[in-house]
Structures are given as C-alpha cells and as structure tokens.
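Computation of the quantities below employed the complete heavy-atom set of this structure, encompassing side-chain atoms and omitting hydrogens, waters and symmetry-equivalent molecules. Protein chains get the first letters and strands the later ones, always in sequence-line order, with residue 1 at the start of each.
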2 protein chains.
Amino acid sequence: MPPRKTKENVGTPGRGTLGRPATISDVARLAGVSVGTASKALNGRGSLREETRRRVRSAADELGFQPNSAALTLNSGRTYTVGMITTDTIGRFSIPLMTGAEDSLGAGRMSVFLCDARDDPIREQYYLRTLLSRRVDGIIVTGRRTQARAPIGVDLPVPVVYAFISSTDPNDCSVVPDEVGGARKAVDHLLALGRRRIAHVTGPEHHHSAAVRASATVERLAESGLDLVGAALFGEWSEAWGRQATGILLGAGGEFDAVFCGSDQIARGVADALRAVGRRVPDDVALVGFDNWDVMALACQPPLTSIDMELEGLGRTAADLLLAAINGEPAPGRHISPCRLVLRESTAVSVRPGSTRVERLAASDAESRRIHR
Amino acid sequence: MPPRKTKENVGTPGRGTLGRPATISDVARLAGVSVGTASKALNGRGSLREETRRRVRSAADELGFQPNSAALTLNSGRTYTVGMITTDTIGRFSIPLMTGAEDSLGAGRMSVFLCDARDDPIREQYYLRTLLSRRVDGIIVTGRRTQARAPIGVDLPVPVVYAFISSTDPNDCSVVPDEVGGARKAVDHLLALGRRRIAHVTGPEHHHSAAVRASATVERLAESGLDLVGAALFGEWSEAWGRQATGILLGAGGEFDAVFCGSDQIARGVADALRAVGRRVPDDVALVGFDNWDVMALACQPPLTSIDMELEGLGRTAADLLLAAINGEPAPGRHISPCRLVLRESTAVSVRPGSTRVERLAASDAESRRIHR
DNA sequence: GTTCTCCAGGCAACCGGTTTCCTAAGTTTC
DNA sequence: GAAACTTAGGAAACCGGTTGCCTGGAGAAC
C-alpha cells in the first residue's frame, strides 16, 4: 500500500498519516529510497547527496517518524533505560531523590522504570528480574532509611548504585548523606550563637539515623569540652514525642538554652511545648531541626532552622555515578554527600533591647515550672 | 563457542554461565535443539516430547535465561510498559496516585516509566515523544491540581488516562476525586453532630479545588436552609492562613460551632488558633479538614477528622481503565472517584458531663474576645 | 575512447526472539 | 508390506532498525 500522501496530518506525534506508528520503511518508500539509505540519511551516516538526505528527513517529518526503540535496543544492546527500585514505600524522602535522579538521567536521554518494592523482599526480587529481563543499563536502589542493607543481588550484569541507603558490601557504589557532618553543623551553629546547654531529642534508639545523629552530637560537644544536657532523648519521629520530651527536659530542671532535634517534626513539637509554657524561641531556647522538610520547618512557630540533606542533589549524584558506571567508569565505595544548614528564625540572633536573654530565661523558667507541675 | 557447562553459576539472575545475558540460542545449543524448538518448549507451544521440554527448561534455568524483552516487543508490538507523566512536580498528591497505579499495572505485568514534567510544557512534550518512541502501550497523565487541563496530545496512537487532573476534552478518559461529594460528606457530618453555625476556610479563590469545595459547602448548607457563617474565607493553603482566618472569624463575633477547612494544613492552623484563645475542639468548635494527610491530621491537637480522596484507589482505578483501554475496551469520559470521611477526635461527640456545650461555648467566647482584642 | 576512481545508494546480514510451514521419521491400518 | 496418518522438531520468515559490503554509473585522467 502506498503512503496516503493526500491526507496530511503533520504534527501528530508518532502517528503520521498511517493508522499505526510510521516505520522506517514507510519513510523510505515515501522518499523513494531503500530502507538502509533512509537510516543513513536520518543518522548522518554513509555518503549520500544532500538532496537525498533532505528528502528523507522531510518524509520522516511528514509521517511523524520516531524510531522504534525496541529495534534500536536489539542491535545496540543498550536500552537507555534504568530501573529505580525503592526498597520500602515511596515517601517523603524518596521524592526528591527520584526527582534528582530522574533529572540527571533524563539529561542523559535515559528513561526511568519506577519500582516500588514496599518493604517486601519478594516484590524486590520480582522487580529485579523484571528489570534485568528488560535489559536496563543500570539500577538505582533507594529507600527510606540510611541504614546499610544487603546487596540486592550478587554479580549482576549491570551496574547498581545505592542512593540514600547503602549496601553492606563496601565494594558496591553507595551515595549517602553526611548525617554526622549535618549533626556537627547544627551543633557548630548553636555553639557559635553562644549556647552551651544543649539538649538533643530524636527518634527511636534502634533507628540508624537517630543513633548516628545523636552520637555525632555528643562527640562534637565533647570536642568543645561540653556535655549534652541530660542524655539524648530517644523516642519516636513525631511531634507528640517532641512535646513529651520537652516536658521531660523541663521537669528535669529545664536548664537548657538550645535543643537540637533529630527531625523537624520533633522540633516542631518542642517548639509548641516551649511556647505553651512561655519559653521563647529563639530568645530563651534556640531550636534546630533535621530534614528541612518545608511543611514542618516553615509552619513551625517560629520558622525552624534545620539541616537539609540535599536529597535532590544526592539523587543527581547517584544518577551521575550510575551513568559513569554504565560508560565503563565505575566508582565503587561509599560516597558521602554533604548536608547544609538552613538558617531560620528559630536560631536567629535576637536584637530586642530592654531585657537580656538571661533575665528572660530566669523569668520564663520559673513560669514553666509553675505551669508544668 | 560451546557453553561452559563446567563453571556452574545457577542463581545469578540474568547472567548464567556466560559473560553476557544468555540468549535463546545459548539455551537451544545447550539443550541440543533448534532455537525455534527452544522457544516452543519454553512457551508451551508446538508439539514436543515432554522430555524435550524438560531438557530445554533445565538448560534455561542453568543459564539463567530471561527473554530479551526488546525482541519480544519487536514481534508482538506490545511493550508491556506504560508512561506516567506528572505534569507538575511529583509531590504529596502524586505519590499515592503513583503507588496505586503502579500497583495495578505491576499486577498486569506492566512496567512504568516515570516522567516528571515539572510544570514545563516543553519537558512535557519531550517526554510524550520519548514515550511514544518507546512504544508504550498507554499513558497516564497526572498532576497536583484537579483542574481540567488541555489534552496532552490529539489523536495519539495509544490510550491515555488522566488521573486526579482531568482533560478539557470530555471524550478523554479522566478519573477525578469527587470533591463535591467530599465537601458534602463533611457538612453532612457536622450537621449530624448538631452543628448549625458552620464556617469555611480554604485556599485561594482561583484554585479549582478551593472553589469547588466552597461552593459545594454552600450548596449543601442551603439544602438544609442554612447559610455559611460569614462568607467562605479564601486565602492560601497554609497553617498560617488557618490561624489568621480564625482571628477573622473570632473578630467577626465568633458565633460559630464548626469550621470546615479546605485542607488539613488550614484546619491545623485553625485548631492552634482556637486553642490559643481557649476555645475547645471539638466541644466548642468541631473541625473538619480535607486531604486526610496523616502528618497533619494526626499531629493536630486534637487529631483531625478529614476527607480522604482515596488517591491510591484513584490511581488503581486509572490504571485499570488504562489496562482496559489497552485491551480494546476504552471507557471515555470523566469518572468520579468517591471521597471518604475519616472520623477523629476533632469532631468526636463529647461525653463530658457537668458542663453543657452551650455553657462552655459562652464562657470561652467571652474569653476569646478578651484575648483576641 | 578506454580505463580508473569515486561516490551514491542498494542489498543483505544481524540483533533475539516467535511462528508458520514443512519434512522425516514412526505408527497405524488394511 | 504398502499407503495413510501422526508427530517431533527443524528451517526460515518476520518484527524494525543499523551497518558493512558491493555495484552501477558518472566524471576524470590518459
């Protein structure tokens, strides 16, 4: 069947003038050349007259020709796709990771298969097999926790990069946020503000991030010859725990001028509880959160200084490492991605004259004891 | 080169005993049959001896054979992939949608290409072309707002389903949450609790969801012969606005016994502001949010009754409609997906004896006027 | 005018599967 | 024992591109 040149349909992507996507032989026929010539014309290969190239190109345009990528895959061996497996559910942390990774990969003309394994090892292995069967060029493994996990497979035929989480195998390529550095930046900042009596409220003790951030905090304070006020308070990643922990701190004497929290949610709970007993943030107590989750950090009263793990950048880094590995330049090992301190009012230097910080601290302290039992 | 049967490597998915993924001719050679026969054996086609099938199958197992899906695509015309384009940034609303869709599609053995167009029409068209070039079997278009948008393309060669957002072309297949029904459920609930003086605080007037939910609220109240307390308060989707709007309501006389909010964030701001002036939730003011965003609804004091758009279910529905369309049973038009009322303490019926609601209302009312100017 | 050179473009193999068609056996039947 | 029928499995076309090789014709050199 000759191509119906009469019914022109330019601009409809992928369909052209036929009922099905145009193939290169449609293009060749319309341009009056052979299939091989058409291919060369479109890819700038071979030796062809400029006029022929033009004719082929315009035929391709007219038909809305897009090469069938299955065919390309078949003889290049490359699919220009990568798989992204989130080992646990897609959530708040995965989004910026995915966005960043997708950004870098898209720039490299790669498409991304999304696989949500939902904490289910069976789903995970199913997805792995699927991705390998689709001959992806590489795989990014990500998750909700930074704790190291067992490698997703051994001796896989494609490169794998772990993002946010890391692999227990030190030879695997992992990109993880510098939580230690992040915690240290938070403490540095509080110390620079002149705060010396710093408390730490964070998530469950068995949670890797909570443990890492807490011990980095203790260590950084020790370097300045300081101790944490009380011990690190481990609880859960919730506002309610932040409120509860504040009660514990106040009940224990309440002699603290800063709280560094393991998450913005906890910090917000702390802020609310402090406000309820009349302690002012930042004047009486400076407050630093972790995650820089805009919804929490901005809605907090006052807006919250926080540590940003720069997950989007981390995702981009992971994607770049994967692209490099695909191009034969693997960079095995754990790569540390820096955190950033984001300053907001909860640690702003007060410039209100008329009452010194210490006076107000003493006053609100008494009040808080009265209110809080 | 004969297959190296000596170095067995069973269990390594996709690699087998060779340095590259095994092909069906590797399997055929190892089993001592032709490729055609091997194909038949593995797919249960043709007429073969059971013993031959077994031999081929075990050869395939030994080599870790996984059919190259590019090859499958090439002669079936089906890729068993779909594209998911989020027109604006991937965010809180997209996640459950994606999760739900990915769930249904995975069950249909389809893989999902993730495309984040970031509110950029050029990126969107780029992704569309990419997806068509990859010969996806279908496309899901989603986004952050429920407002109808221009079709992503006309006369596309594959079915498209719009999820959450809808297409302005009524013949396109869209799945949208029943925001009108959701708002009505909220009002129904408040009315059933005996509340009659209901206020509405919501997002920007030009935001489709805000407008739709507000007018549904007004309409439902009118059906019961009631008016909104004051006009609907349009502002922004933030806690700060919720607090501010509460001030407006209180300043205007404060004679309201319920607030229905256009989002959980707003509702939380309202809750905080009410608490600050001593009005009790739910005793004095019942509070209903929208979105049922767990972080907000659960952290709210008290936990927030809210309308859940069941986005994960909506995503599944969209995927199911797409699968149906791919299988030749399209269901054009707008499909409405119901919302669900989730009950929590912010509208719980108080059972505290000793003081009637009305008494307390009067008391706290006086107090609130005192505090709030 | 003949041979050489060069170039435009066609032909066909190939990637890795599936499927149709066909043939060489073995089995049954009379 | 020969003809008819069944059956296992092989050969080859095909999907849609790319690419190496080859050829026919035009122009140049002699």
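Within 3.5 Å, no donor on the side chain of Ser34(B) pairs with an acceptor on the base of dA11(D), nor the reverse.
Under the rule for a side-chain hydrogen bond (donor to acceptor under 3.5 Å, both in side chains), the partners of Arg57(B) that lie at least two apart in sequence or sit in another chain are Glu50(B). When the side-chain hydrogen bond (donor to acceptor under 3.5 Å, both in side chains) test is applied to Ser25(A), the partners found at least two apart in sequence or on another chain are Thr23(A). For Thr37(B), the side-chain hydrogen bond (donor to acceptor under 3.5 Å, both in side chains) partners two or more places apart in sequence, or in a different chain, are Ser34(B). In this structure Asn75(A) satisfies the side-chain contact (heavy atoms from CB on, under 4.5 Å) test with no other residue, sequence neighbours excluded. Partners of Ser167(A) under the side-chain hydrogen bond (donor to acceptor under 3.5 Å, both in side chains) rule, at least two apart in sequence or in another chain, are Asp172(A).
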Each nucleotide in nucleotides 15-28 of chain D should get exactly one letter: B, S or -. Can you fill that in based on protein heavy atoms under 4.0 Å?
BBBBBB--------
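For the pair Glu50(A) CD and dG9(C) P, the interatomic distance rounds to 11 Å; values are reported in whole Å. Rounded to whole angstrom, the span from the CG atom of Leu48(B) across to the C1' atom of dT6(D) amounts to 15 Å. Across the protein-nucleic acid pair, Arg54(B) atom CZ and dG9(D) atom C1' stand 17 Å apart, rounded to whole Å. Arg49(A) has its CZ atom 15 Å from the C1' atom of dC6(C), to the nearest Å.
In this structure, Arg118(A) pairs ionically with Asp116(A), as a charged nitrogen and a carboxylate oxygen lie closer than 4.0 Å.
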Which donor-acceptor pairs under 3.5 Å do side chains of residues 103-111 of chain A form with protein atoms, sequence neighbours excluded?
| residue | atom | partner | partner atom | Å |
| --- | --- | --- | --- | --- |
| Ser104(A) | OG | Asp320(A) | OD1 | 3.0 |
| Ser111(A) | OG | Arg134(B) | NE | 2.8 |
| Ser111(A) | OG | Arg134(B) | NH2 | 3.3 |

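For residues 69-79 of chain A, the salt bridge (Lys or Arg N to Asp or Glu O under 4.0 Å) pairs, not counting sequence neighbours, are Arg78(A)-Asp137(A).
Within the nucleic acid shown, Ser76(B) has no heavy atom closer than 4.0 Å to any nucleic acid atom.
Of the possible donor and acceptor atoms, one in the side chain of Ser76(B) sits under 3.5 Å from a partner among the backbone N and O of Leu72(B).
Taking five base pairs at each end of the helix from dG1(C)-dC30(D) to dC30(C)-dG1(D), the local helix axes there meet at an angle of 60°, rounded to 10°.
The shortest distance between the side-chain N/O atoms of Ser47(B) and the OP1/OP2 oxygens of dT7(D) is not below 4.0 Å. Considering only side-chain N and O atoms, Thr52(B) lies under 4.0 angstrom from the phosphate OP1 or OP2 of dG9(D).
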